[in-house]
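Since the structure comes first, as structure tokens, the remarks are kept for the end.
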Amino acid sequence: MAVNKYPSRNGREAKIMERKDPVVHRNPEFSDGPLREKDLNSFEENGYLLFEKLFNDDEVSIMKSELQRTMDYNKERDADDVIKEPGSNEIRSVFEIHKDSGFFQALAKNERIVKAAQQILGSQVYITQSRINFKPGFKGKEFYWHSDFETWHQEDGMPDMRAVSCSIILTDNYEFNGPLMLVPGSHKWFVSCPGATPEQNYKSSLKKQETGVPDNDSMSWLVDQADGRIDRATGPAGSVLFFECNTMHGSAGNISPYPRSNVFFVFNSIENKLQEPFSGQDARPEFLANRENIQPIQPNKDRLQNFSHRIKRN
Ligand code: 6CS
Ligand code: FE
């Protein structure tokens, strides 16, 4: 097994250690893309970057109809990659949306987001995980504070911090409908979490994550380091949030009538493919952590209007 640079959940007390990997992996071969120098510097400093309206109104209206279609298609589907909200039959998340052989598959390869990921990761990229988090009105429950990397390292064997999540806002994200909250600068620290990973943890963690979450003292310390700041990723549909794999984030429940639906494409560097989980347990299923037939994405310029959705094959 590879050297474990970021031990966590090993039954010891919580510990905060410095990040050992670069945030922006600068590489002149992958400098061509939508991010300017000040964007890369801001991402380096905060651990995230919000672009208002990276997609135009025509593309947004297609996103909304594809979102509805995806929801309708999965409403009655009883499959591992469809996660319901705790205590209700409302859909919380649908995974592996980048393999829907239609609109979202094309969107995942669009150069506006792929080239940005290449600029940040300094290499070619592929998608290690994708999902739509629906966070329905009234019933959308919270996602407690966590670092995605802490889970992906422990449970999926992601070796280094060289992945970036691209969250495209599909329904307007307001202050009051459970927007993503992020702690600026938190990506510079790795919180080694207390506890141990239960067997097949994903069967419960995708509904409510209780392992691999920071203890209160560590969380308070991170917010103190940010001078008390907690940012919210609010913006109109079509806006895009890039956030670093180790940035501490979470979101509150949604009791408003307005759904807060975002699609997440997690771009991993082609140099950072998943290995054996550092928890020592079995690998999580393919829909959560892609391992099969990994190819670097060839970014496309396609106008998204060309893609009509074909119902997912399986
Ligand atoms: O376990 C995971 O991979 C998922 N869990 C959360 C709360 N965020 C990242 C990812 O979708
Ligand atoms: Fe997350």
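If you read the sequence from its start, that first residue is 1, and numbering goes on from there. Whatever order the structure lists them in is the order used to number ligands and atoms, beginning at 1. Everything quoted here is computed from the prediction, not taken from an experiment.
At a heavy-atom distance under 4.0 Å, no atom of E155 approaches ligand 1. Heavy atoms of F264 found under 4.0 angstrom from ligand 1: none, in either backbone or side chain. With a heavy-atom cut-off of 4.0 Å, L206 touches ligand 1 through its side chain alone. Under 4.0 Å from ligand 1, not a single heavy atom of H249 appears.
With hydrogens left out, the protein atom closest to atom 10 (C) of ligand 1 is Q129 OE1, 3.2 Å, a heavy atom.
Scanning all heavy atoms of the two residues, the minimum distance from I97 to F104 falls at O-CB, 3.5 Å.
Between H146 and ligand 1, at least one pair of N/O atoms sits closer than 3.5 Å. At least one N or O atom of R284 sits closer than 3.5 Å to an N or O atom of ligand 1.
The pair E59-R112 counts as a salt bridge, with a side-chain nitrogen and a carboxylate oxygen less than 4.0 angstrom apart. Looking at D21 and K5, a side-chain N of the basic residue comes within less than 4.0 Å of a carboxylate O on the acidic one, giving a salt bridge. Look at E175 and R232 and you find a salt bridge, because one of the NZ, NE, NH1 or NH2 atoms lies within 4.0 Å of a carboxylate O, short of that distance.
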With side-chain hydrogen bond (donor to acceptor under 3.5 Å, both in side chains) as the test, would you mind laying out the steps for K64 and T171 before giving the verdict? CA-CA 7 Å; K64 286 177 183 290; T171 59; over 6 Å; no

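In summary, the atoms of ligand 1 found under 4.0 Å from a heavy atom of Q209, numbered by their order in the structure, are 7 (C).
Distances under 2.8 Å from the Fe ion (ligand 2) pick out the protein N/O/S atoms H146 NE2, D148 OD1, H249 NE2.
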